[in-house]
Chemist: 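Just dropping this structure here.
When a ligand or atom number is given, it counts from 1 through the structure's own listing order. All heavy atoms count here, side chains included; hydrogens, waters and symmetry mates do not.
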Amino acid sequence: MKALVAGGGIGGLGAALALAQRGHEVSVFERSSEFREIGAGIQLGPNVFRMFDRLGLRAEMLALAAIPRALVMRCAMHGHEITRVPLGEGFRARFGQPYAVIHRGDMHGVLLRACQAHPRVRLNTGQAVSGYAQDGNQVTLTFDDAAPATGELLIGADGLWSRIRAAMLGDGAPVVSGHIAYRAVLPMAEVPAGISRDEVVLHAGPRLHLVHYPLRRGELMNLVAVFHSAEYSEGWDQAGDPALLARHFAATRPEVRAMLERIETWKYWVLCDREPRRGWVDGRVALLGDAAHPMLQYLAQGANMALEDALCLADMLEQHPVEAALPAYEEARVLRTGRVQSIARLYGEIYHAADVRAELRDAMLAGRAPEAAWEGMSWLYDGPHWPAP
Ligand SMILES: Cc1cc2nc3c(=O)[nH]c(=O)nc-3n(C[C@H](O)[C@H](O)[C@H](O)COP(=O)(O)OP(=O)(O)OC[C@H]3O[C@@H](n4cnc5c(N)ncnc54)[C@H](O)[C@@H]3O)c2cc1C
């Protein structure tokens, strides 16, 4: 089949590669003038390593990733450790896969090189999709400023503000969470003493948190500081105000503030998601990744889910004609991605709890055995599951 992919992010490139590996001819259309990923770190659960295995990208991803020792939650106000989930041998034995962290650019670069090297993938930049039309077995993809393209299948992987979703569902703008994320990277040599360098650490406080973890084999520290704010603006690449961040974190522990003070240049994101819903398929058009099921990042799974979608869609196309494959894809994915969307919101509340709720959180998590923590995540990390071809 001749497939069209709108958007060349992690989901779009993953889908292009998965389809090309199964013999389809794929054209990707990316709005930006080059294929690249902005932003810093991505956490990789065991579930996405199963997708890397199937795409043949495991070794390359692992060569660029770092394996943290543990996921740790600390109190941003009093400094005590709330809970710790070890990620070493026991975790790997339980899930058969590692937990890793990687630079977004590195992850996207691995997918991009695999697509560039594949004879059945055509990559187009500087082409902003605007909508689509269908006629019989043919889909026409339209652009703001270029001649239309035609194919037998269209995948809308154009992210949170998807134009393909708008054309398909017309269900308006995403839901603004009221949470803002400031992101930056710090050379590891500049990380203050006393800060863990080989773990994913989340400092949780009322209506805020700071996460940090190592990137690029420990050369960099990735920082994401989140706080509640009514501010609203679109986009992925805006300059954050360090003074505003400092005000929100003024009551946190000195080690938390010391990390934030080392950063001069922040980028910020207004975090949005949507209610889970069905209806990501229209004839020969399917949504994928954030276009289908945007989620808050509190489970660190958006990119992981986009790659699961990509493999699922390719598998369904191998088993059914396209008219049946796309609904089967949505059916196989909607409850899993809806669960991640829903639980990500809940995790945000748990991280940002105040007063008695924070005490309750700490009491519930205190003394939890690693095995209990792993079992709590098994619904996510044991997956994904769908009928194999
Ligand atoms: C603060 C933060 C931390 C996160 N941490 C993690 C994490 O640890 N782990 C994880 O798995 N996920 C994480 N995520 C989520 C993850 O970034 C997204 O879920 C993931 O990038 C979605 O991939 P996608 O390909 O669907 O969309 P995108 O990455 O948004 O890609 C969409 C692509 O489409 C292009 N595009 C947009 N409009 C058009 C158009 N009109 N025409 C053509 N092209 C277009 C864009 O330029 C882009 O290249 C995080 C997100 C945030 C905000």
Chemist: Answer yes or no: is there a side-chain heavy-atom contact under 4.5 Å between Asn47 and Phe95?
Modeler: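 Result no, sub-4.5 Å side-chain heavy-atom pair not found.
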Chemist: Find all atoms of ligand 1 within a distance of less than 4.0 Å from any non-hydrogen atom belonging to Val129, and give their numbers and elements.
Modeler: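 It comes down to these atoms of ligand 1: 40 (C), 41 (N), 42 (N), 43 (C).
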Chemist: Look only at interatomic distance and state if Val224 has a nitrogen or oxygen under 3.5 Å from any nitrogen or oxygen of ligand 1.
Modeler: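 No.
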Chemist: Relative to atom 2 (C) of ligand 1, which among Glu308, Gln297, Gln301, His179 owns the nearest non-hydrogen atom?
Modeler: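 It is Gln297 that holds the nearest heavy atom.
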Chemist: Taking 4.0 angstrom as the limit, do Arg253 and Glu255 come out as a salt bridge?
Modeler: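 Glu255 and Arg253: salt-bridged.
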Chemist: For ligand 1, which atoms sit closer than 4.0 Å to a heavy atom of Ile10?
Modeler: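 Under 4.0 Å from Ile10, ligand 1 has these atoms: 25 (O).
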Chemist: Is the CZ atom of Arg207 crowded by more than 12 outside heavy atoms at less than 6.0 Å?
Modeler: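 Count not over threshold, so no.
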Chemist: Please report the interatomic distance CZ(Arg74) to OG(Ser196), rounded to the nearest 0.5 Å.
Modeler: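 The distance works out to 8.5 Å.
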Chemist: Could you tell me which atoms of ligand 1, counted from 1 in the order shown, lie closer than 4.0 angstrom to a heavy atom of Asn304?
Modeler: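 Once the distances to Asn304 are compared, the set is 9 (N), 10 (C), 11 (O).
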Chemist: Would you tell me which option among Met295, Arg104, Gln43 has the nearest heavy-atom contact to atom 14 (N) of ligand 1?
Modeler: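 Residue with the shortest heavy-atom distance to the ligand atom: Arg104.
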Chemist: Which atoms of ligand 1 sit under 4.0 Å from any heavy atom of Gln127?
Modeler: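 Atoms satisfying the 4.0 Å criterion: 42 (N), 43 (C).
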Chemist: Is it the side chain (CB and beyond), the backbone, both or neither of Phe29 that lies under 4.0 Å from ligand 1, heavy atoms counted?
Modeler: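 The backbone, only.
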Chemist: May I ask you to check if ligand 1 and Gly11 share an N or O to N or O distance below 3.5 Å?
Modeler: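 Yes, at least one N or O pair falls under 3.5 Å.
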Chemist: Measure the distances from the heavy atoms of Ser32 to every atom of ligand 1 and state whether one is below 4.0 angstrom.
Modeler: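 Checking ligand 1 against Ser32, which is what was asked, there is a heavy-atom contact under 4.0 Å.
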Chemist: With heavy atoms of Ala300 as the reference, note each atom of ligand 1 found under 4.0 Å away.
Modeler: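 Per the distance check, 7 (C), 8 (O), 9 (N), 10 (C), 11 (O).
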Chemist: Restricting to non-hydrogen atoms, name the atom on Glu264 and the atom on Pro242 that form the minimum distance, rounded to 0.1 Å.
Modeler: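 Minimum heavy-atom separation between Glu264 and Pro242: O-CG, 3.8 Å.
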Chemist: Counting heavy atoms only, which of Asn47, Val28, Asp158 comes nearest to atom 36 (N) of ligand 1?
Modeler: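 It is Asp158 that holds the nearest heavy atom.
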Chemist: Within the structure provided, determine whether Tyr381 and Tyr99 are in side-chain contact (heavy-atom separation under 4.5 Å).
Modeler: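 In contact.
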Chemist: Out of all atoms in ligand 1, which are within 4.0 Å of some heavy atom of Leu271? Include the element for each.
Modeler: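 Listed by number with element, the hits are 53 (C).
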Chemist: Among Val28, Leu154, Asn124, whose side chain to side chain contact (heavy atoms under 4.5 Å, CB included) with Val5 holds?
Modeler: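 Of Val28, Leu154, Asn124, side chain to side chain contact (heavy atoms under 4.5 Å, CB included) with Val5 is met by Val28 alone.
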Chemist: Which atoms of ligand 1 have any heavy atom of Arg163 under 4.0 Å away?
Modeler: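 Answer, ordered by atom number: 41 (N).
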Chemist: Decide whether a cation-pi geometry holds between Arg183 and Trp266; the criteria are a distance under 6.0 Å from NZ or CZ to the six-membered ring centre and an angle within 45° of the ring axis.
Modeler: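 Cation-pi check for Arg183 and Trp266: fails.
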Chemist: Near Ala157, which atoms of ligand 1 are under 4.0 Å from a heavy atom of that residue?
Modeler: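 In order of numbering, the contacting atoms are 32 (C), 33 (C), 34 (O).
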Chemist: Salt bridge or not between Arg120 and Glu25? Use side-chain N to carboxylate O under 4.0 Å.
Modeler: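 Here Arg120 does not pair with Glu25 in a salt bridge, since their nearest N and O are not under 4.0 Å apart.
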Chemist: Using the side chain to side chain donor-acceptor pair (under 3.5 Å) rule, take Gln97 and Asp53 through it: C-alpha gap first, then chi angles, then the decisive distance, then the call.
Modeler: CA-CA 10 Å; Gln97 298 286 355; Asp53 282 344; 3.1 Å; yes
Chemist: Return yes or no for this condition: an N or O of Glu30 is under 3.5 Å from an N or O of ligand 1.
Modeler: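 Yes, at least one N or O pair falls under 3.5 Å.
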Chemist: Taking distance alone, with no angle check, do Arg31 and ligand 1 share an N/O pair under 3.5 Å?
Modeler: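 Yes, at least one N or O pair falls under 3.5 Å.
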Chemist: Check the surroundings of atom CD in Glu371: do more than 12 heavy atoms from other residues, nucleotides or ligands lie under 6.0 Å from it?
Modeler: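 For Glu371, atom CD is crowded (more than 12 foreign heavy atoms under 6.0 Å).
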Chemist: For Arg122, does the CZ atom sit with more than 12 other heavy atoms under 6.0 Å from it, leaving out its own atoms?
Modeler: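 No.
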Chemist: Pick one of side chain, backbone, both or neither for how Met305 approaches ligand 1, counting any non-hydrogen atom pair under 4.0 Å.
Modeler: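 Under 4.0 Å from ligand 1, Met305 contributes no heavy atoms.
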Chemist: Report yes if Gly302 has an N/O atom closer than 3.5 Å to an N/O atom of ligand 1; otherwise report no.
Modeler: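 The answer is yes, given that Gly302 and ligand 1 share an N or O pair closer than 3.5 Å.
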Chemist: Nearest heavy atom to atom 30 (O) of ligand 1 wins, so pick from Gly41, Gly126, Gly159, Gly12.
Modeler: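 Closest candidate by heavy-atom distance is Gly159.
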Chemist: Please find the pair of heavy atoms, one from His108 and one from Ile10, that lie closest to each other, and give the distance.
Modeler: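 That would be CD2-N, 4.0 Å.
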Chemist: Relative to atom 18 (C) of ligand 1, which among Asp290, Leu296, Leu287 owns the nearest non-hydrogen atom?
Modeler: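 Going through Asp290, Leu296, Leu287 one by one, Asp290 has the nearest heavy atom to atom 18 (C) of ligand 1.
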